[in-house]
Visitor: 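Sharing a structure below in C-alpha cells format, with a few things to ask.
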Number of protein chains: 2
Amino acid sequence: MSATNTEVTCDVREVLDRIGDRWTLPVIVELFQGPRRFRQLERGVEGISQRMLTLTLRKMERDGLVERTVYPTVPAQVEYELTPTGRSLSEVLQALAGWAAEHREVVIASRARWREQHPDTRS
Amino acid sequence: MSATNTEVTCDVREVLDRIGDRWTLPVIVELFQGPRRFRQLERGVEGISQRMLTLTLRKMERDGLVERTVYPTVPAQVEYELTPTGRSLSEVLQALAGWAAEHREVVIASRARWREQHPDTRS
DNA sequence: CAGAATCCTTAGTGATACTG
DNA sequence: CAGTATCACTAAGGATTCTG
C-alpha cells in the first residue's frame, strides 16, 4: 500500500461507517437506477421498514450522498437522488461486487471445509 | 451497472458482512504487512480486545482470508497470514481508501452544512 | 503465549401507532 | 404521501477471569 497503514485503515473505516450498516447499500443500488420517491424506495428496497428508510436517507443526505427535493404538492412529494459523490461511490462499490463475484466459490468452499473440520461450532 | 441490482446488492452485502464489522479491516491492514503472531496483532491493532481479536481471526479463517499456523513450541506459537484471497481483497480495499481520500473534504463539508441547517438533531 | 468462558452494556434494528 | 414517536429486542462488542 502506498499510504500508511493508519491512513488506509481510517480512510476505509470512514467508508465502512458510512455504508457498512444494514440498509445504505441497498438504497444506493436502488437510487443508482435513478431518482426515487419515498414510497418507491420503500417498495423497491425489499424488507426495509419505514423507520429505517428514513434514518438511512437522513444519514446519506447528511453525508452528501443523496439530495432531497420537496415538491410543494398536496400531498407532499419528495424525491431522492444520488449526488455526484454518491454516484462515484456507487462505482467504487462495483469493484467490491466484482471481487465478491470472483471469489464467492472460494469463500463458500472455505466455509464448507471449516464446517467439516469444526462440527462443534455454530458458525 | 452491468449485473442486476439484486446481484450487485447481494455481492456487495456479502463483502460487507465479511469486512463491515469493527475489527476485520484493521486486522487485514496489519496482516498486509506480513505474517503476525497473536500477541503481535493484539499490540498492532490499536484498541482491539483479546476476545475480539480471536473472534475476528476465526471468522477470517473460516472465510479463507487468513491462514493459521501452529508451531508446536512451548509455549505455543501461532502465526496468522493473509491467504491469496485475503491479499486480493486488500487490494480492492485500496480502491475504497482512494475514494475516501478523494471525497473526504466533500463529506466533511456536507456534514458541517447539515449541522448548520439542523442545529436540533444530534448527528 | 494463545486462547476460552462468562457477564454485561449499548447501538442498531424492527414493530407499531400516530400525523401534517 | 412522507414522515415522527415509542417501545422492545437482539446481537455486537467490551471487561474480566481463567487455562493448556
Side-chain angles (χ1 to χ4, degrees), chain A residues 9 13-14 16-27 30-31 35-63 66-81 114 117-123, chain B residues 9 13 16-28 30-31 35-63 66-81 114 117-123:
Chain A
T9 307
R13 268 252 59 88
E14 280 178 40
L16 292 182
D17 286 344
R18 208 159 299 128
I19 64 169
D21 59 21
R22 187 81 191 78
W23 295 112
T24 299
L25 172 73
V27 170
E30 181 72 17
L31 282 176
R36 291 284 186 274
R37 303 218 318 262
F38 190 86
R39 293 282 294 173
Q40 278 184 297
L41 282 171
E42 204 176 347
R43 280 187 292 266
V45 178
E46 190 174 318
I48 197 169
S49 67
Q50 190 190 36
R51 170 186 146 83
M52 287 316 295
L53 180 55
T54 300
L55 291 180
T56 303
L57 287 169
R58 288 295 168 278
K59 190 180 165 198
M60 294 174 72
E61 196 192 346
R62 184 199 62 174
D63 292 340
V66 148
E67 196 184 338
R68 178 176 180 266
T69 313
V70 183
Y71 296 99
T73 59
V74 175
Q77 202 161 300
V78 181
E79 195 172 88
Y80 292 92
E81 179 175 18
W114 179 272
Q117 293 166 11
H118 306 263
D120 44 336
T121 53
R122 315 283 155 268
S123 52
Chain B
T9 306
R13 268 252 59 86
L16 292 183
D17 287 344
R18 209 156 300 128
I19 64 168
D21 59 21
R22 187 81 190 75
W23 295 112
T24 298
L25 171 75
V27 171
I28 287 181
E30 181 72 18
L31 282 176
R36 292 283 188 273
R37 303 219 317 265
F38 190 88
R39 293 280 294 172
Q40 279 183 297
L41 282 170
E42 205 176 347
R43 279 187 291 265
V45 179
E46 190 173 317
I48 197 169
S49 67
Q50 180 255 321
R51 171 187 146 84
M52 288 315 295
L53 180 55
T54 301
L55 292 180
T56 302
L57 287 170
R58 288 294 167 280
K59 189 179 165 198
M60 294 174 71
E61 196 192 347
R62 185 200 61 175
D63 292 341
V66 148
E67 195 184 339
R68 177 176 181 266
T69 311
V70 183
Y71 296 99
T73 59
V74 175
Q77 203 162 300
V78 181
E79 194 173 89
Y80 293 92
E81 178 174 20
W114 178 272
Q117 292 166 12
H118 307 263
D120 45 338
T121 53
R122 314 283 156 267
S123 53

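Because the structure is a prediction, the values reported are computed rather than measured. Lettering of chains follows the sequences in order, A, B, ..., and the numbering in each one begins at 1.
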Visitor: Other residues, nucleotides and ligands only: do more than 12 of their heavy atoms fall within 6.0 Å of CD on A:E42?
Guide: yes
Visitor: Excluding sequence neighbours, so at least two apart, what forms side-chain contact (heavy atoms from CB on, under 4.5 Å) with A:L55?
Guide: A:R51, A:M52
Visitor: Measure from CG on A:L57 to C1' on D:dC1 and round the result to the nearest Å.
Guide: 14 Å
Visitor: Only counting residues at least two apart or in another chain, list the ones meeting side chain to side chain donor-acceptor pair (under 3.5 Å) with B:T24.
Guide: B:D21
Visitor: Restricting to side-chain contact (heavy atoms from CB on, under 4.5 Å), what partner residues turn up for A:R36, sequence neighbours left out?
Guide: A:E30, A:L31, A:Q33, A:Q40, A:L41
Visitor: Should we count CD of A:Q77 as having more than 12 external heavy atoms under 6.0 Å?
Guide: yes
Visitor: Rounded to whole angstroms, how far apart are CZ on A:R58 and C1' on D:dT4?
Guide: 10 Å
Visitor: Applying side-chain contact (heavy atoms from CB on, under 4.5 Å), name anything that partners B:E81, two or more places apart in sequence or on another chain.
Guide: B:P35
Visitor: Could you check A:D21 against A:A76 and say which one's nearest nucleotide on DNA chain C is further toward the 5' end?
Guide: A:D21
Visitor: Roughly how far, to the nearest 0.5 Å, is the CD1 atom of B:I48 from the CH2 atom of B:W23?
Guide: 5.5 Å
Visitor: List the residues meeting salt bridge (charged side-chain N to carboxylate O under 4.0 Å, His left out) with B:R22, not counting sequence neighbours, and say none if there are none.
Guide: none
Visitor: Using the test side-chain contact (heavy atoms from CB on, under 4.5 Å), find all partners of B:R58 that sit at least two apart in sequence or belong to another chain.
Guide: A:W114, B:T54, B:E61, B:R68, B:Y80
Visitor: Can you sort out which residues in residues 39-52 of chain B have a heavy atom within less than 4.0 Å of DNA chain D? Ascending by number, please.
Guide: B:R51, B:M52
Visitor: Need one value for B:Y71: base, sugar-phosphate or nothing, where a base atom within 4.0 Å counts as base even if backbone is also close, heavy atoms only.
Guide: nothing
Visitor: Please give, in whole Å, the distance from D:dG20 P to B:F38 CZ?
Guide: 17 Å
Visitor: Take atom CG of B:L55 and atom P of D:dG14, then tell me their distance rounded to the nearest Å.
Guide: 10 Å
Visitor: Who are the salt bridge (charged side-chain N to carboxylate O under 4.0 Å, His left out) partners of B:R37, not counting sequence neighbours?
Guide: none
Visitor: Rounded to 10°, tell me the angle between the two end axes of the helix from C:dC1-D:dG20 to C:dG20-D:dC1, each built from five pairs.
Guide: 50°
Visitor: Just how far is it from atom CG of B:D17 to atom CZ of B:R13, taken to the nearest 0.5 Å?
Guide: 4.5 Å
Visitor: Using a 4.0 Å cut-off to any heavy atom of chain A, which nucleotides of DNA chain C are the first and last in contact, reading 5' to 3'?
Guide: C:dT13 to C:dA17
Visitor: If I take atom CG in residue A:L53 and atom P in nucleotide D:dT4, what distance separates them, rounded to the nearest angstrom?
Guide: 11 Å
